[in-house]
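The figures that follow rest on heavy atoms only: side chains count, while hydrogens, waters and symmetry mates do not. Please read these numbers as outputs of a predicted model, since none were measured by experiment. Below, read A as the first sequence line, B as the second, and so on, with proteins coming before strands; counting in each chain starts at 1.
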Number of protein chains: 2
Amino acid sequence: MSRPLAIDRHGQILQALEAQGSVSVSDLATRFGVSMETIRRDLKALAEEGRLVTVHGGAHRLTNEPSLSRRTIDNAEGKAAIGRAAAELVEDGMAILIDSGSTTLGLAQSLVGRSNLTVLTNSLPIGLLMARTRTIRTILLGGEIEPNDEAAFGLDTLDLIKRFRVDLAFIGAGGISETGDFTDYTRLAAEQRALMMACGQAAYVLADHTKFSKRTPVLITPAPQLAGLITDRLPSQEPAAIAASQKWPIRLAGSSV
Amino acid sequence: MSRPLAIDRHGQILQALEAQGSVSVSDLATRFGVSMETIRRDLKALAEEGRLVTVHGGAHRLTNEPSLSRRTIDNAEGKAAIGRAAAELVEDGMAILIDSGSTTLGLAQSLVGRSNLTVLTNSLPIGLLMARTRTIRTILLGGEIEPNDEAAFGLDTLDLIKRFRVDLAFIGAGGISETGDFTDYTRLAAEQRALMMACGQAAYVLADHTKFSKRTPVLITPAPQLAGLITDRLPSQEPAAIAASQKWPIRLAGSSV
DNA sequence: ACTAGAAAGCCACATAAAGCCACACCAATC
DNA sequence: GATTGGTGTGGCTTTATGTGGCTTTCTAGT
């Protein structure tokens, strides 16, 4: 009987670490089907190389770096579920576009470990995350960086988007109006998101349920490629949720972990 | 030379490695119908040619270029000193371009706290760092991301560079040749760096002393804007250092903290 | 704040897979 | 027919992993 390569495990551990910030010994042990002691030895070796720090129960990423700062993401669980649901739509060999935002970041995290994909994004954290997998080809849509989003916006970004065609586009939104339409904070961002939709053969908006109660000023003109909305749950009392459910096909992400 | 069978095997092993990142001895043995010992000899031979690295149980793709994301930066102190020296050239209100690399990252770190600056960069870590200051306007030059550098390279990047003109450009280099010229790992990177030089009214190459003993294959064609080299110290015994000092104005960064 | 139980860590030992080396073998080549 | 280079085999060493016993650390309930 042959033994799986230890070095592959090391690589995947580091990937999981990039995506999640921390990993637990028991999770890794079950995931790889090896004993906890083996995982401990892996983590110890990686820690000696200075690639992570071990903590009781697992390991943690070194904290100096441009992190996908896990700065208290609201409704992290719901966004992770949306990410997993969206990732199921992504098939081997596809080229996809991922917009910036904490919800779309959930999708990127779910794609870690996949290979034979091409990801276009205007988000720096997503770009770094994807590039570090080393198995996903990553193209960054450059432009002027908006510090709040840590993503590129602007004329150059619009221009770059126009040069590509992808299989799927996953778009964020600032909020959802009472009419069920998607809205954004600025004119430029709305324009850019509309263009991103048109870049894909099919486009999905990723928005968690908190967006139904958010109103942002600029309407995003939906492109014909818009295939639906992926969210975690529909707040039944929200007019925006009711309107949206009548307007777009909605895919509910099971919040079960 | 060798049996045709063996040559086929070597090629296919490298191909499998390219596709999967790693291969196991036992898998290859069953796949080719030969003994594990033979596969080991194959891997050993390929490892001696520098085409892969052997690990217990198989082999792993080599990452030719030392990765930036491994946190231990060689000669961090010298690079920080170079960064401070370069930062002194940057005046209020300027627009500057910062190339990717660990040395140029030192410059970016020295600029934290400054304001009224515009920074163009193709490096994701530098872009994030600058954007997070919120006082420095940041423009990211997009394109395909090279995982080792965590920076954008490619046709789109070249195209974007051409659209800007900056006051100062700070360029990295893979190595310095015996003739004192700057060299790089790939044709594309060399081209891109040359274009970056031409983007500035004046351009400086930032390279610490370890670069004088590094030889990388592709020559960077210097643009006329190249105003000099900023380094931490000149290894007197290195022919590359002597040649460079005769060819370019050199600014030595005081290593004093 | 204290303490008991549970979970995780550590160490030593056992074992199976992998690596290494010397030698034998086989099939082309000169 | 001798030579040469690739390949397989057997014996030994090394490495990776699992297991059990013990210690340490965390957590929750009083």
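Judged by distance alone, the side chains of Thr54(A) and Lys44(A) never bring a donor and an acceptor atom under 3.5 Å apart. Side-chain contact annotation: Ser123(A) with Ser100(A), donor-acceptor N/O pair under 3.5 Å absent. Side-chain atoms of Gln12(A) and Arg31(A) include a donor-acceptor pair closer than 3.5 Å.
Rounded to whole Å, the distance from CG on Leu28(A) to C1' on dG9(C) is 16 Å. The nearest whole Å value for the distance from the CZ atom in Arg40(B) to the P atom in dG19(C) is 4 Å. Here dT15(D) presents its C1' atom at 15 Å from CD1 of Ile7(A), a figure rounded to the nearest Å. To the nearest angstrom, P of dT17(D) lies 11 Å from CZ of Phe32(A). Going from atom CG of Leu5(A) over to atom P of dA16(D) covers 11 Å, rounded to whole Å. Straight-line distance from the CD atom of Glu37(A) to the C1' atom of dA7(C): 14 Å, rounded to whole Å. A straight line from CD1 of Ile39(B) to P of dT9(D) spans 14 Å, rounded to a whole angstrom. Summarising the geometry, the separation between CE on Met36(B) and C1' on dG11(D) is reported as 16 Å, rounded to the nearest angstrom.
Applying the 3.5 Å distance criterion, the base of dG5(D) shares no donor-acceptor pair with the side chain of Arg41(B).
Closest heavy-atom contact between Phe153(A) and Ala189(A): CE2-CB, 4.0 Å.
Both His56(B) and Gly33(B) lie close to DNA chain D; mapped to their nearest nucleotides by heavy-atom distance, the more 5′-ward contact belongs to Gly33(B).
For Lys44(B), taking side-chain heavy atoms from C-beta onward, the closest of the listed nucleotides dT7(D), dC21(C), dT17(D) is dC21(C).
Taking only side-chain nitrogens and oxygens, Thr38(A) never comes nearer than 4.0 Å to OP1 or OP2 of dT17(D). Taking side-chain N and O atoms only, Arg9(A) has a distance below 4.0 Å to OP1 or OP2 of dT17(D).
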